[in-house]
Participant: 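Encoded as structure tokens, here's the structure I'll be asking about.
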Amino acid sequence: GHLSFDRDARRAAVQGQPQPLEMARQLVDEELALVHRAESVLTVSAIETAVFQAAGARQVYLLSHAMETRSHAPDWSHRSGLLFVGAIHPHTPNEDSLLWFLEHIVPVLRGLEADFPHISIVGDCTSDKVARLATGPVRLVGRVDDLTPWYDRHRVFIAPTRFAAGVPAKVIEAACNGIPVVATPLLVRQLGWEDGIDIASGADAAAFALAVAALYNDSQTWTRMCHAMAGRTRAQYATAPFASTLRAAFGLMKE
């Protein structure tokens, strides 16, 4: 499981309506109280593992994601453009992240890049706000059956998420497929990766745009991050440890 109170608090803050402290504390207490009814808890991140353990959960298992890392993927010179993957519906984290990217980060990127890269947005989109901004080099692709060619032809994966719970599966899957990622500090913390080593990040629009430009234009930086990223994903998301954790967790629950 994952904790929703942190996502909801961040959503409220982003939308300019921060929750009163007492209300936030009540939501935290109500959600964490659920652990006392469970024999064991499966979590998706080290951060949430620590929270559940501190709340008195009997047994906590970290079960993040399972995906094998590809051994070969196209190099920097065979790629171009930026890639976003995810369904975009009104009032969701994906809609908010794309609106922030297109309205605030893209103008900074245009100032940095003489040859502005195209942006492919892959996934169902029912957001009129995003659709109105998808012009020129910004392309709404829609849903696709196979993401592999999209991972392979783009140079940088963007994840400008400002509120979310759990771990960003789309970032993990992109990384396992060999495309380096620029994300918000929120996602970097959720993943437990190292900013500037196996992922890049930017806390505000200017920093995010600079991180994208640096990774996009420098083949050595791009290649170095790809190697570190592959080491991270092989160690953290291999399917065999995931299966072992599942067997241990369900074995405990049957006893």
Side-chain angles (χ1 to χ4, degrees), residues 1-3 6-7 10 42-53 60-71 73 75-76 79 82-86 93-94 96-97 100-101 105 147 150-152 154-242 245:
H2 61 258
L3 298 168
D6 186 51
R7 175 199 60 206
R10 290 179 185 277
L42 302 180
T43 70
V44 294
S45 73
I47 293 173
E48 295 188 352
T49 297
V51 172
F52 278 117
Q53 288 172 335
V60 183
Y61 290 93
L62 174 56
L63 193 72
S64 176
H65 204 69
M67 176 167 280
E68 296 298 338
T69 299
R70 286 172 57 188
S71 299
D75 63 21
W76 181 90
R79 298 168 177 263
L82 310 178
L83 177 65
F84 177 95
V85 172
N94 279 345
D96 174 82
S97 69
W100 182 55
F101 186 82
I105 299 171
L147 282 168
W150 296 90
Y151 290 136
D152 284 357
H154 291 83
R155 191 174 289 172
V156 174
F157 188 93
I158 56 168
T161 305
R162 299 195 293 175
F163 57 88
V167 292
K170 64 182 180 181
V171 170
I172 296 170
E173 292 175 8
C176 287
N177 278 279
I179 177 171
V181 179
V182 179
T184 53
L186 167 65
L187 299 191
V188 175
R189 287 194 299 272
Q190 289 176 340
L191 289 163
W193 296 7
E194 293 185 68
D195 187 12
I197 303 299
D198 42 36
I199 194 168
S201 77
D204 55 32
F208 200 102
L210 286 168
V212 170
L215 192 56
Y216 192 85
N217 291 317
D218 189 331
S219 63
Q220 291 185 337
T221 298
W222 188 94
T223 302
R224 184 167 59 248
M225 185 165 290
C226 280
H227 289 159
M229 179 181 69
R232 167 75 68 174
T233 56
R234 286 192 183 98
Q236 201 163 334
Y237 306 110
T239 56
F242 184 93
T245 303

Participant: Quick check: does any side chain N or O of Arg79 sit under 3.5 Å from a backbone N or O of Tyr151, one acting as donor and the other as acceptor?
Facilitator: yes
Participant: For Trp100 and Phe208, run side chain to side chain contact (heavy atoms under 4.5 Å, CB included): C-alpha distance rounded to whole Å, both residues' side-chain angles, the deciding distance at 0.1 Å, then the answer.
Facilitator: CA-CA 11 Å; Trp100 182 55; Phe208 200 102; 4.3 Å; yes
Participant: Nearest heavy-atom pair of Met67 and Thr239: which atoms, and what distance?
Facilitator: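 Closest pair (atom of Met67, atom of Thr239, distance): N-CG2, 4.1 Å.
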Participant: Is it the case that the side chain of Thr223 and the backbone of Gln220 share a donor-acceptor pair, with hydrogens and angles ignored and the cut-off at 3.5 Å?
Facilitator: no
Participant: Quick one: does Trp222's side chain have a donor or acceptor within less than 3.5 Å of a partner on Ile179's backbone?
Facilitator: no
Participant: Measure the shortest side-chain to side-chain distance between Val85 and His154 over non-hydrogen atoms and say whether it is less than 4.5 angstrom.
Facilitator: no
Participant: If I compare all heavy atoms of Lys170 with all of Asn94, which pair ends up nearest, and what's the gap?
Facilitator: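 It is NZ-OD1, 2.9 Å.
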Participant: For the backbone of Pro185 and the side chain of Ser201, can you confirm whether one donor and one acceptor N or O come within less than 3.5 Å of each other?
Facilitator: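 No; judged by distance alone, with no hydrogens or angles, the pair does not exist.
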Participant: For a quick test of reading the model, state the closest non-hydrogen atom pair linking Met229 to Pro180 and the distance between them.
Facilitator: SD-CA, 3.6 Å
Participant: Assess whether side chain to side chain contact (heavy atoms under 4.5 Å, CB included) is satisfied between Gln236 and Asp198, documenting all intermediate values.
Facilitator: CA-CA 12 Å; Gln236 201 163 334; Asp198 42 36; over 6 Å; no
Participant: Roughly how far apart are Ile158 CD1 and Leu215 CG, rounded to 0.5 Å?
Facilitator: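 One finds 12.5 Å between CD1 of Ile158 and CG of Leu215.
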Participant: Do the non-hydrogen side-chain atoms of Val212 and Ile105 ever get within less than 4.5 Å of each other?
Facilitator: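 No, side chains not in contact.
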Participant: For the CG atom of Leu82 and the CZ atom of Arg155, what is their distance to the nearest 0.5 Å?
Facilitator: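 Interatomic distance, Leu82 CG to Arg155 CZ, rounded to 0.5 Å: 9.5 Å.
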Participant: Determine the minimum heavy-atom distance between Ala174 and Phe157, stating which atoms define it.
Facilitator: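 Scanning both residues completely, I find the closest heavy atoms to be CB-CD1, 3.6 Å.
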Participant: Is the shortest heavy-atom distance from the side chain of Gln190 to the side chain of Thr161 under 4.5 Å?
Facilitator: no
Participant: Give me the ring orientation class for His65 and Tyr237: parallel if the planes are under 30° apart, tilted from 30 to 60°, perpendicular past 60°.
Facilitator: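 Rings of His65 and Tyr237: perpendicular, as their planes differ by over 60°.
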Participant: Can you name the closest pair of heavy atoms from Thr69 and Arg234 and give their distance?
Facilitator: OG1-N, 3.4 Å
Participant: How close do Gly178 and Ala73 get, counting heavy atoms only, and between which atoms?
Facilitator: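 Smallest heavy-atom distance, with atoms named: CA-CB, 4.4 Å.
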Participant: Nearest 0.5 Å please: distance from the CZ atom of Phe84 over to the CH2 atom of Trp150.
Facilitator: 14.5 Å
Participant: About how many Å separate CG of Leu191 and CG of Leu186, when rounded to the nearest 0.5 Å?
Facilitator: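 Atom-to-atom, Leu186:CG and Leu191:CG are 9.5 Å apart.
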Participant: So, the side chain of Asn217 versus the backbone of Ala213: is there a donor-acceptor pair under 3.5 Å, distance only?
Facilitator: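 Yes.
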Participant: Can you tell me how far the OG1 atom of Thr184 sits from the CG atom of Asp204, to the nearest 0.5 Å?
Facilitator: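 Answer rounded to 0.5 Å: 12.0 Å.
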